[in-house]
Amino acid sequence: MSGSGYDGFPHEFSAIAEGIRTMEIRGAALIAVESARALKLLAGTGADLDMLEEAGRLLFNTRPTAISLENAVSSCLTGAGTPQEVAENADRFIGSAIEGKHLIGRYGAERIEDGGAYITHCNSSAALSVFKAAVDAGKRFDVFATETRPWRQGLITVRELAEMGIGTHFIVDSASRHIMGEMNIKGVFVGADTICSNGVVINKIGTSMLALAAHEARIPVYVCAESFKFSPETLHGKLVPIEERPISEVIEPGEVPDVTVHNPVFDATPSDYISAIITEKGVIPPEGAYDLIMRFFGGDERWTP
Ligand code: RUB
């Protein structure tokens, strides 16, 4: 990987950063946890604080939209006086991410009805933790997973759902509104990459259309997200950058000559279409995002468990 910005970094570190950039490692929680792990690995190789800071910058640049990654890196680096402290901060971040997912599952499972049917979009470990906790609580229900063009993360989701023994269904993205009516859908559960101070949720492209359809169909939309997916930067007006990925993910190169193809991979869902955000700190209305950011990020913009 010489010349790709990783020169001088050990392979264990660059493999993780490159895995995040190429989406071999994906999902807002996992890229955050893996970034913390990458910094811990680096700290263990004798890297000094300057190198760890540089590593943090390299990690930031792998995927621009998910604030989880930035919050993980700053949770490890901000205020750390030695590489050992970076490693300890990384362990703390990883531990609370695991615990957080468990709590989200528990709280979210309260919203799953025995015999109900639900929709999920993309592949969110937080949303899946809700379904898993509901199964563990003895509930039986069905989940419809959207394909999620263009990366088709829905295929990962249906495998995970089926493994849990849930009645699993696969639909193309555009079938969502039809299925809501036909299948008596009781709720939509999605994840988040970034949650803004005004309660707007940034998640996989198509989430806003799904939430709009659910709003029109009077079906609740639940966003499942750890508190490290909230963005303190949005308090100061920053807009969330929406990642654009190669158009080769959408269409064969040259298939439609003279046509501009677009591939934005996230979108913004207005708070009006969100019934609740299920976090490890509790279930909050989207309007509660401001308070949560003030409480858990403090004045220094650093997420603390
Ligand atoms: C994944 C995606 C997920 C969120 C939440 O996008 O949008 O819904 O990241 O996931 P991509 P989780 O596949 O482009 O990374 O709940 O696992 O953090």
Side-chain angles (χ1 to χ4, degrees), residues 16-37 59-60 62-72 93-94 96-105 107-109 118-133 143 145-161 173 176 188-196 200-211 221-231 240-246 249-250 263-269 274 277-280 303:
I16 295 175
E18 198 49 16
I20 295 173
R21 193 184 65 77
T22 58
M23 286 179 62
E24 200 182 305
I25 301 168
R26 45 146 300 282
L30 192 60
I31 63 178
V33 164
E34 286 295 297
S35 294
R37 196 169 70 82
L59 288 164
F60 280 168
T62 52
R63 299 217 50 200
T65 297
I67 194 71
S68 54
L69 194 159
E70 205 167 321
N71 284 338
F93 182 86
I94 294 167
S96 42
I98 295 167
E99 172 66 9
K101 186 108 65 212
H102 175 71
L103 288 172
I104 289 171
Y107 300 156
Y118 300 88
I119 294 183
T120 189
H121 183 56
C122 193
N123 176 251
S124 158
S125 56
L128 283 164
S129 75
V130 168
F131 298 134
K132 175 76 173 65
V143 178
T146 54
E147 178 183 18
T148 316
R149 280 278 291 154
W151 248 72
R152 310 186 79 201
Q153 287 93 333
L155 291 173
I156 310 170
T157 299
V158 286
R159 279 185 209 114
E160 293 187 46
L161 289 167
D173 301 330
S176 304
V188 172
F189 286 80
V190 293
D193 285 79
T194 295
I195 300 175
C196 308
V200 165
V201 168
I202 313 294
N203 191 48
K204 179 54 56 191
I205 193 80
T207 303
S208 64
M209 245 165 57
L210 181 63
V221 173
Y222 298 110
V223 174
C224 312
E226 299 84 341
S227 58
F228 59 76
K229 291 171 183 162
F230 287 72
S231 168
V240 179
I242 298 293
E243 180 180 3
E244 290 264 350
R245 292 189 65 86
E249 292 180 352
V250 175
N263 187 20
V265 298
F266 296 100
D267 65 20
T269 301
I274 298 164
I277 305 177
I278 302 169
T279 82
E280 81 282 14
W303 180 80

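The chain is numbered in sequence order, starting from 1. Start at 1 and go down the list; that is how both ligands and their atoms are numbered.
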Proximal ligand 1 atoms for [X], defined as those under 4.0 Å from one of its heavy atoms:
X: Ala126; answer: 16 (O)
X: Lys229; answer: 12 (P), 16 (O), 18 (O)
X: Ala192; answer: 4 (C), 5 (C)
X: Ser124; answer: 8 (O), 10 (O), 12 (P), 16 (O), 17 (O)
X: Gln153; answer: 11 (P), 13 (O), 14 (O)

Original post:
Should Glu226 be listed as contacting ligand 1, given a heavy-atom distance under 4.0 Å as the test?
Top reply: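 Outside the 4.0 Å threshold, so no.
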Is the contact between [X] and ligand 1 made by the side chain, the backbone, both, or neither, using heavy atoms and a 4.0 Å cut-off?
X: His121; value: neither
X: Met23; value: side chain
X: Lys204; value: both
X: Phe266; value: side chain

**OP:** Look at Glu147 together with Arg149 and state whether they make a salt bridge at an N to O cut-off of under 4.0 Å.
**Re:**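 A salt bridge is absent here (no side-chain N lies under 4.0 Å from a carboxylate O).
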Do you see a donor-acceptor pair shorter than 3.5 Å between the side chains of [X] and [Y]?
X: Glu280; Y: Ser227; value: yes
X: Glu249; Y: Asn263; value: yes
X: Ser208; Y: Asp267; value: yes

**OP:** Check whether any side-chain heavy atom of Ser68 sits under 4.5 Å from a side-chain heavy atom of Glu226, and report yes or no.
**Re:**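 No, every pair of side-chain atoms sits at 4.5 Å or beyond.
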Original post:
Do Ile16 and Ile25 have side chains that get closer than 4.5 Å, going by heavy atoms?
Top reply: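 Touching, per the 4.5 Å side-chain cut-off.
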Subject >> Gly191, Ser125, Gly27: member with heavy atom nearest to atom 12 (P) of ligand 1 >> reply: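 Among Gly191, Ser125, Gly27, the closest heavy atom to atom 12 (P) of ligand 1 belongs to Ser125.
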Nearest protein heavy atom to [atom], by residue and atom, and its distance?
atom: atom 13 (O) of ligand 1; value: Arg26 NE, 2.5 Å
atom: atom 9 (O) of ligand 1; value: Ala28 N, 2.8 Å
atom: atom 8 (O) of ligand 1; value: Asn203 OD1, 2.7 Å
atom: atom 4 (C) of ligand 1; value: Asp193 OD1, 3.2 Å

Original post:
Distance from Lys204 atom NZ to His121 atom NE2, nearest 0.5 Å?
Top reply: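 Rounded to the nearest 0.5 Å, the NZ-NE2 separation comes out at 7.5 Å.
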**OP:** Quick one: pull up CD1 in Ile202 and CD1 in Ile67 and give me the separation to the nearest 0.5 Å.
**Re:**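 That separation rounds to 11.0 Å.
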Subject >> Ile278 and Val223: CA distance, side-chain angles, deciding distance, side chain to side chain contact (heavy atoms under 4.5 Å, CB included) verdict >> reply: CA-CA 6 Å; Ile278 302 169; Val223 174; over 6 Å; no
**OP:** Indicate the ring-plane relationship of Phe228 and Phe93, choosing parallel, tilted or perpendicular according to the 30° and 60° boundaries.
**Re:**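 Ring orientation, 0 to 90° scale: tilted.
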